[in-house]
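For reference, the structure is listed below as structure tokens.
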Amino acid sequence: MSKNVITNRIVLGILSEFKNDFKFGDESESKVFEKIINYLVFSKIDPDAFSDSCIFDLVDMDKNSTFGIDAFAVFINDNLITDKESILEYQKTKRMDIKFVFIQTKRSTSFDSGEFLKFTTAVGNFLSNNPSIDLSDELKESKEIIDELFKPENARIFANKRPKCELYFAISGNKTTEESIAGLITEEERKLKTMNREFDSFLIKLIDSDYVIDSYAEIENRHTVSIVFEKNIPCGQIDDVEQSFIGYLPIGEFLKLITGSDGNIRKNLFYENVRDFQGQSNTVNSEISETLIDQEKIDKFLLLNNGITIVTKEFRNIRSNEYEICDYSIVNGCQTSNVLYQNADLIRSSNKLYIPVKIVHTTNNNVITSLIRSTNRQTPVPDEAFVSLEKFHKRLQDYYKMYSQSCFEALYYERRSKEFSNPTDRIEKPRIVNLHGQIRSFISIIVGEPQLAMSNNPTSILKEHKQKIFQDDHVYAPYFLSSLLLYIFYIKTENEKISKKYVISRYWICWIVRVILFNRLEIGHMNSEKTAQRCEKVIEQLNNDQIVMKTFRDAISLFEEAKANHRNAHGRERNAQLVRLKTFRDEVKQKLLNKLTSTSTTDAVTARDS
């Protein structure tokens, strides 16, 4: 097969932009196309899936030509999980909606039934209790997540709502409409369901160039929707607001706003909403559903519901009562929107159902932040949901901006989703650090607890360690340093200067690098200007590639030595399990202490001899 196969110019343009955004360097067209399909499919389920760019590597099942499967991911309550330890967090909530997603990507412009059957066979083999085809190491680790999910303590939680399985087969051309292929897909779905009774359903989707074009626009929030908004009242002139309206939309028009080209709900619209969808069984949501299916109540929905708040950067009247909206998000109304979508087939054609909406057209970040706070204070929301809106995070964002002007690498702290999404002045995505990324990098690299970054949800880390992070008197340089080390690690792995086998251990390696460069285990008092100066001095050292590569090599060597010691003391563990163990953290910490002691002794002898 020739080096470049894809001919669709729009898709090629998207691939070029995507490749630059994630700094994929010299990756082949085949691999970049595979990655963008993974990005689109998984991001439409969990908009936060690739906030850590290393996730591309963790969902990749095709590192060593895995039979028939390019990518796999498990989603619980529409959140991507990469390890079995994360399951415990959802076990505590007593709600587990589980979805397994498999992807096979081909650059061919037409459907190949042979490759498709190889894909479905590989999925069936993977899900089998006794696989007849050997599984790769990546698939073995993924299978451990599935085995954990089906343990009694977890299975009883989703007993009434069994897991769903989705298979995506991608090509670069256009989907075929042949009946024989539709029949083949239906038959493969039936076979998989017959072999795997513990699953609720198997859904196979063919995706093509149109899917890539439409989904990319939706995820990047460039998707434009036209709505008829007849019943509205303009709110008049408000400082820092272009225009705003209060009114209501017929259900059909509202569904246009929240539904993507593939018919699924656009999850990324709710990223600004401080609470994710709580499920149909949630008391409030079940009451909303009851109102929608009761013909005597449905016309009163307009009075009973608090309404939806939409913030948009583009909103224009194109004719009469028709408006065009683009680059928008729903900052309040996630629960209502999801319940409406789940009942869409029943209510779509209703002429009695109207949805109360508030549309605010603004690009002012302070206004948007105020809207998120005020609209979500009307119902109980945990305080940690608002953490990125606090003053400390505004100051941290300012520090990133100002320090990046003189630093050899610019980084950007994103307090709100898509804050730096600009089609004309694009910022490479690995340079953008969001709240969850900052929590993980700081707790592992600065606090020295890398096992927490791998085994705990960032919200849990924040709850349990809130006295150690984001304190008002903290200096900002350590936060920037932790993000910078991870960024350098990512670039070095993409450029193949560091093996990608260490991606799973990235927080550990970067923690060790930080300790070596500081020549001390603790970073110092977080409210001290001396700590900030030390950090900035280390940041200057990181501009020297020789120092960087030597320190990372030393860190990897120490990591491997600690791994060997831990294996001798506790038995063999795969890296995916090892990096979540406190016992391993203690082993690495001891190795670091020994190294620091040895260095101090050597320095003292050298000083005495001189």
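What you see is a predicted model, and the numbers here were worked out from it, not measured in a lab.
Residues Val579 and Asp83 are not in side-chain contact: their nearest non-hydrogen atoms beyond the backbone lie 4.5 Å or more apart. Using a 4.5 Å heavy-atom threshold, the side chains of Met526 and Gln471 count as separate. Residues Val41 and Ile37 meet the side-chain proximity criterion, which asks for heavy atoms closer than 4.5 Å. Considering only heavy atoms from C-beta on, Phe408 comes within 4.5 Å of Leu484 through its side chain. Ser142 is not listed as a side-chain neighbour of Glu138, based on a closest heavy-atom distance of 4.5 Å or more. Trp511 is listed as a side-chain neighbour of Val588, based on a closest heavy-atom distance under 4.5 Å. Residues Asp97 and Ile76 fail the side-chain proximity criterion, which asks for heavy atoms closer than 4.5 Å. Contact annotation: the side chain of Ser460 never approaches that of Leu462 to less than 4.5 Å [non-hydrogen atoms, C-beta and beyond].
Minimum heavy-atom separation, Ala49 to Ile55: O-CG1, 3.3 Å. The two residues Thr362 and Asp240 come nearest to each other via the heavy atoms OG1-O, 2.7 Å. Scanning both residues, Asp46 and Leu80, for their nearest heavy atoms gives OD2-N, 3.0 Å. Shortest non-hydrogen contact noted between Trp508 and Leu578 is CZ2-O, 4.4 Å. Scanning both residues, Ile265 and Ser337, for their nearest heavy atoms gives CD1-O, 4.2 Å. Here the closest heavy-atom approach between residue Glu536 and residue Tyr399 is recorded as OE2-OH, 2.8 Å.
Rounding to the nearest 0.5 Å gives a distance of 10.5 Å between NZ of Lys267 and NZ of Lys44. Atoms SG and CG, on Cys407 and Leu481 in that order, are 10.0 Å from each other to the nearest 0.5 Å. Residue His474 holds its NE2 atom at 10.5 Å from OH of Tyr476, rounded to the nearest 0.5 Å. Of the inter-residue distances, the one linking Leu269 atom CG with Ile308 atom CD1 reads 11.5 Å to the nearest 0.5 angstrom. Separating the CG atom in Leu15 from the CZ atom in Phe33 is a distance of 6.5 Å, to the nearest 0.5 Å. Separating the CD1 atom in Ile446 from the CD1 atom in Ile523 is a distance of 3.5 Å, to the nearest 0.5 Å.
A distance-only check finds no donor-acceptor pair linking the side chain of Thr309 to the backbone of Lys358 [under 3.5 Å].
Looking at Arg431 and Glu409, a side-chain N of the basic residue comes within less than 4.0 Å of a carboxylate O on the acidic one, giving a salt bridge. One finds a salt bridge joining Lys31 and Glu34 here, because a Lys/Arg side-chain nitrogen approaches an Asp/Glu carboxylate oxygen to under 4.0 Å. A salt bridge does not link Lys19 to Asp21: none of the charged nitrogens lies less than 4.0 Å from a carboxylate oxygen. Using a 4.0 Å cut-off between a side-chain N of Lys or Arg and a carboxylate O of Asp or Glu, Glu496 and Lys501 do not qualify as a salt bridge. A salt bridge links Arg506 with Asp52: at least one charged nitrogen is closer than 4.0 Å to a carboxylate oxygen. With respect to Lys591 and Glu561, a salt bridge is recorded, a charged nitrogen being found less than 4.0 Å from a carboxylate O. Salt bridge Glu494/Lys23: absent, no basic N to carboxylate O contact under 4.0 Å.
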(message) Test side chain to side chain contact (heavy atoms under 4.5 Å, CB included) on Leu485 and Leu542; report intermediate values, then the result.
(response) CA-CA 8 Å; Leu485 283 169; Leu542 293 172; 3.8 Å; yes

(request) Apply side chain to side chain donor-acceptor pair (under 3.5 Å) to the pair Glu144 and Gln577, showing each step before the final yes or no. (result) CA-CA 11 Å; Glu144 288 180 0; Gln577 277 72 50; 3.0 Å; yes

(request) Evaluate side chain to side chain contact (heavy atoms under 4.5 Å, CB included) for Asn575 paired with Lys563, printing each intermediate quantity in order. (result) CA-CA 9 Å; Asn575 277 358; Lys563 192 163 75 170; 3.2 Å; yes

(request) Could you please spell out the steps behind the side chain to side chain donor-acceptor pair (under 3.5 Å) verdict for Asp586 and Gln590? (result) CA-CA 6 Å; Asp586 294 341; Gln590 188 57 54; over 6 Å; no

(request) With salt bridge (charged side-chain N to carboxylate O under 4.0 Å, His left out) as the test, would you mind laying out the steps for Glu27 and Lys35 before giving the verdict? (result) CA-CA 10 Å; Glu27 293 240 34; Lys35 285 184 174 180; 2.5 Å; yes

(message) Set out, in order, the CA-CA distance, both residues' side-chain angles and the distance that settles side chain to side chain donor-acceptor pair (under 3.5 Å) for Asp48 and Ser51, then state yes or no.
(response) CA-CA 5 Å; Asp48 198 29; Ser51 59; 3.1 Å; yes

(request) Go through the steps for Thr583 and His566 under the test side chain to side chain donor-acceptor pair (under 3.5 Å), then give the verdict. (result) CA-CA 8 Å; Thr583 53; His566 189 273; 2.9 Å; yes

(message) Determine whether Tyr412 and Lys401 satisfy the following criterion, side chain to side chain contact (heavy atoms under 4.5 Å, CB included), listing intermediate values before the conclusion.
(response) CA-CA 6 Å; Tyr412 303 82; Lys401 179 181 177 181; over 6 Å; no

(request) In sequence, state the C-alpha distance, the side-chain angles, and the governing distance for Lys582 and Leu452, and then conclude on side chain to side chain contact (heavy atoms under 4.5 Å, CB included). (result) CA-CA 9 Å; Lys582 189 175 185 303; Leu452 295 179; over 6 Å; no

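Residues Phe100 and Phe75 place their aromatic rings such that the two centres sit no closer than 6.0 Å. In summary, the aromatic rings of Phe24 and Phe18 are positioned with their centroids under 6.0 Å apart. Residues Phe50 and Phe22 place their aromatic rings such that the two centres sit no closer than 6.0 Å. Less than 6.0 angstrom separates the ring centroid of Tyr479 from the ring centroid of Phe392. Ring centroid separation for the pair Phe584 and Phe559 comes in under the 6.0 Å cut-off.
More than 12 heavy-atom neighbours from other residues, nucleotides or ligands sit within 6.0 angstrom of NZ on Lys492. By the neighbour-count criterion of 12 heavy atoms within 6.0 Å, atom NZ of Lys500 is densely surrounded, having more than that number from other residues, nucleotides or ligands. In Met402, the CE atom is not crowded: 12 or fewer heavy atoms of neighbouring residues, nucleotides or ligands sit closer than 6.0 Å. The 12-atom threshold is not exceeded at NE2 of His525, counting heavy atoms of other residues, nucleotides or ligands nearer than 6.0 Å. No more than 12 heavy atoms of other residues, nucleotides or ligands lie within 6.0 Å of CD in Glu522, so this atom counts as exposed by the packing criterion. Under a cut-off of 6.0 angstrom, the local environment of CG in Asp473 is crowded, with over 12 non-hydrogen atoms contributed by other residues, nucleotides or ligands.
A donor-acceptor contact closer than 3.5 angstrom is absent between the side chains of Tyr507 and Glu449. A donor-acceptor contact closer than 3.5 angstrom is absent between the side chains of Ser53 and Lys429. A donor and an acceptor atom, one from each side chain of Tyr90 and Arg95, are nowhere located under 3.5 Å apart. Asn154 and Gln91 are linked by a side-chain donor-acceptor pair at a separation below 3.5 angstrom, with hydrogens and angles left out of the test. Between the side chains of Gln438 and Ser441, at least one donor-acceptor pair of N or O atoms lies under 3.5 Å.
Both cation-pi conditions hold for Arg514 and Phe518: the charged atom is under 6.0 angstrom from the six-membered ring centre and inside a 45 degree cone around its axis.
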